[in-house]
Structures are given as structure tokens and as C-alpha cells.
A.B. asks: 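Quick one: the structure is below, questions incoming.
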Amino acid sequence: MTIQPIGRAEAFADAAPAAAARPVPLLSVIAPVKDEEVAIAPFLARVRGVLDAVCAGEPWEILFVDDGSTDQTAAHVAAAHLQDRRIRLLSLSRNFGKEAALSAGIDHARGRAVIPLDVDLQDPPEVIAEMVAQWRAGHDIVYGVRRDRQTDHPLKRITASLFYRSHNALSRDKIPEHAGDFRLIDRKVADVLRALPERNRFMKGLFAWGGFRQVAVEYDRAERAHGRSKFNYWKLWTLALDGITSSSTVPLRIWSYVGSAVALASLVYAGLLVVDTLVNGTAVAGYPSLMTAMLFLGGVQLISLGVLGEYVGRILIEAKGRPIYIVRDSLGLEE
Ligand code: UDP
Ligand code: MG
């Protein structure tokens, strides 16, 4: 069986033969964008300079993935494309979420190394120079690690740290703490990601699973330069659930142990009751203890059902096999 790259739109099928003639960029920067019209120009102003310096004459590309923006984001990118053909655009048919947008970018980027980079300039593009140096030294994944989380709200700091700890306790694939999506990945890593069939694209987990020679570079993360964050706590919670359920089955297995422990405890309790009745005569056990035991067990059962549901829901999504994203349009990809 041959492994097909996923999510490629039909439109690109006939663009493929020309690919050989096109110069392969040294670096592809992938910028997922959702309603970021104000951020495009400052982003380009800074990133282009960095890429020119780092690539020193070799070709590069910046691939924006428009994740269903409802503002003028696509128009701003299109205008930039007319000025500089190395700026390219992939427009998705609606908002698919950042992880899907990143997948789309990785599927369509052609560089020998691929760098996902948020458009809000929170991750300083200057770090790319250091990443490329590590890549040239033989590493396949160079991930950015934040030196501290001072620019984050304390609640975000605590919840993020809780997530990393529980994820890494439950899963064999350890996600480095304080690493975001900003990283450099070699072409061969990108090809491995493209070949993965799963719909659930929790990128950090996939990188951790893939292995390869990885190294970290540290940097300071800035405040968002323009616009507002697209993530709220509910979205982050869902992302965290995706991360854990996609890489660990511990939450499923734990219920056998909880069940065994409760059953064992109830046997011991039953034994105690028999002895108590024989020694002290019959006393009708109290209503409160009965209620407590019933409610407790009912709660435990509902929780376990809920956990099961989390997995079943995800199995449904995988089983349907719908594409991770749909491409509506593109600019400059065939050049
Ligand atoms: N983003 C996206 N699709 C979404 C939400 C966000 O492509 O559904 C992009 C967004 O435009 C930005 C990047 O993902 O370039 C990171 O988003 P944001 O800065 O809001 O996240 P935060 O830094 O607050 O975690
Ligand atoms: Mg941001």
C-alpha cells in the first residue's frame, strides 16, 4: 500500500508535474491566520528581513494559511503576493482551527525545512537564525522553548503547566514544557507528518511521537503585537483533551482499577457487616451511609462513561475519515 499525503485538494493534482522545475525553497515559513488583517504587514516587514539574511540568496517562501478569516486578511496577503511572489496563500473553506491550518501548511509547503510561526509576532522571527544553525548542525527538529512565561496570565501559566504535567505523566510521548508551535522541522519530518492518517492533529503530540533528533533553542516570548488572541480557556481545554486522548489510553484503563478497588472495599465491608451482625446482633444500617455509597458510585460511573465518551467521539471522527481541512483557493503555490 502506498501512503498518500492527506488533505491535498484535487486542484493541486495537475500542479504536481511542474514541481520539479520550480526551485525548492530552503525555508518555508507557515503562518496560520484567522482574522489577522492588522498583523500581516508588520509580520512581513520583520520576517522578510530575517529570511533574506538567513537564506543568504537561497529561495524562501512564506505560506499564509487563511483559516476562514472573515475580515480582509486574505486581501492583505494577496496584495503582498503581488509585490513579492515568495509570499503565498492557501485559503481554507472555513475555520478549521489552528492545528488543521498548520497541517494544511505543512502539506503544501515545499521548503527543505518548514517553520510554523504565529503571525502575531509573539515568537521573535530572529530566532530562526539560531534554529537554522542547529538544523545545519544535523538536528531534524529544532523547537523553540520560552525562557519564562512572564507575559502570560497567571491562570494560563498554572493551567498550561498542569496540562504538560498530566500529559507527560499519562503518555509515553513527552512534550517538552513551554514549547509552542514555533519550531523548525526538516523535510523528512514534514513528510512523516503528511503521511499520518489521523484527523486529530495535536501537533505537539505528533512531534513528540515522531522522535528524530530534537534540540531546543530558548527565547523570550513577547506580548501579542496586534489584534487579539483567538484562544479562550474552553478552546484550550478542548485542545488539552485532544492532546491527552490522542496519545494515551491511561484514562480508559484507570476505571478497571478503580472498579476493582471499590469492589474489593465493598467485599471487606460486607465481611465486617456479617461479623458485626453475629457479634452485636442485627442493627439496620444507616440511611446516610447508603446514600453516600450510592451517590459516590453513581458519580464514579458517570465519570467513567464520560471518559469513554471522549474516546468514542474521537473514534467516530476518525472512522468518518473526512479531510482535516478543505482548500478553497490558493495563490502562488504553482509558481
Ligand atoms: N489561528 C488560526 N485558526 C484559529 C485560531 C488561531 O489559524 O482558529 C492562528 C492565529 O491567527 C495566530 C495563531 O493561530 O496566527 C495563534 O493564535 P493566537 O495568537 O490567538 O493564540 P495564542 O498566542 O493566544 O495562544
Ligand atoms: Mg499569539
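As the structure lists them, so they are numbered: ligands from 1, and atoms in each ligand from 1. Everything numeric in this text was worked out from a predicted model, so none of it was measured.
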A.B. asks: Taking both backbone and side-chain atoms into account, decide whether D120 has an N/O/S atom under 2.8 Å from the Mg ion (ligand 2).
C.D. replies: yes
A.B. asks: Going by distance only, is there an N or O of V119 that falls short of 3.5 Å from an N or O of ligand 1?
C.D. replies: yes
A.B. asks: Which protein heavy atom lies closest to atom 3 (N) of ligand 1, and at what distance to 0.1 Å?
C.D. replies: D67 OD2, 2.6 Å
A.B. asks: Starting from atom 18 (P) of ligand 1, locate the nearest protein heavy atom and write down its residue, its atom name and how far away it is, to 0.1 Å.
C.D. replies: R224 NH2, 3.5 Å
A.B. asks: Applying salt bridge (charged side-chain N to carboxylate O under 4.0 Å, His left out) between E61 and each of R88, R86, R48, report the one that passes.
C.D. replies: R88
A.B. asks: Let me confirm one number: the CG-CD1 distance from L44 to I87, rounded to the nearest 0.5 Å.
C.D. replies: 4.5 Å
A.B. asks: Between R213 and D186, is there a salt bridge with N-O shorter than 4.0 Å?
C.D. replies: no
A.B. asks: Nearest protein heavy-atom contact for atom 10 (C) of ligand 1: which residue, which atom, what distance?
C.D. replies: E36 OE2, 3.1 Å
A.B. asks: Report, in ascending order of atom number, the atoms of ligand 1 lying under 4.0 Å from any heavy atom of N95.
C.D. replies: 3 (N), 4 (C), 8 (O)
A.B. asks: Tell me the protein heavy atom at minimum distance from atom 20 (O) of ligand 1, and give that distance in Å.
C.D. replies: K230 N, 2.5 Å
A.B. asks: Closest non-hydrogen protein atom to atom 23 (O) of ligand 1, residue and atom name please, with distance?
C.D. replies: Q122 OE1, 2.7 Å
A.B. asks: Give the residue and atom name of whichever protein heavy atom lies nearest to atom 19 (O) of ligand 1, and the separation in Å to one decimal.
C.D. replies: D120 OD2, 2.5 Å
A.B. asks: Say you draw a straight line from CG of L272 to OG of S266; how long is it, rounded to the nearest 0.5 Å?
C.D. replies: 11.5 Å
A.B. asks: Measure the distance from atom 21 (O) of ligand 1 to every protein heavy atom, then report the residue, atom name and distance (to 0.1 Å) of the closest one.
C.D. replies: F231 CD1, 3.2 Å
A.B. asks: Salt-bridged, D191 to R187, with N to O below 4.0 Å?
C.D. replies: yes
A.B. asks: Where do L196 and L206 come nearest, in terms of heavy atoms and distance?
C.D. replies: CD1-CD2, 3.8 Å
A.B. asks: Starting from atom 7 (O) of ligand 1, what is the nearest protein heavy atom, named by residue and atom, and what distance separates them?
C.D. replies: P32 CB, 3.4 Å
A.B. asks: Should the pair R46 and F43 be classed as cation-pi, given the thresholds of under 6.0 Å to the six-membered ring centre and 45° from the axis?
C.D. replies: no
A.B. asks: Output the list of atoms in ligand 1 that are nearer than 4.0 Å to some heavy atom of V33, sorted by atom number.
C.D. replies: 7 (O), 11 (O)
A.B. asks: Can a salt bridge be assigned to the pair R314 and E318 using a cut-off of 4.0 Å between side-chain N and carboxylate O?
C.D. replies: no
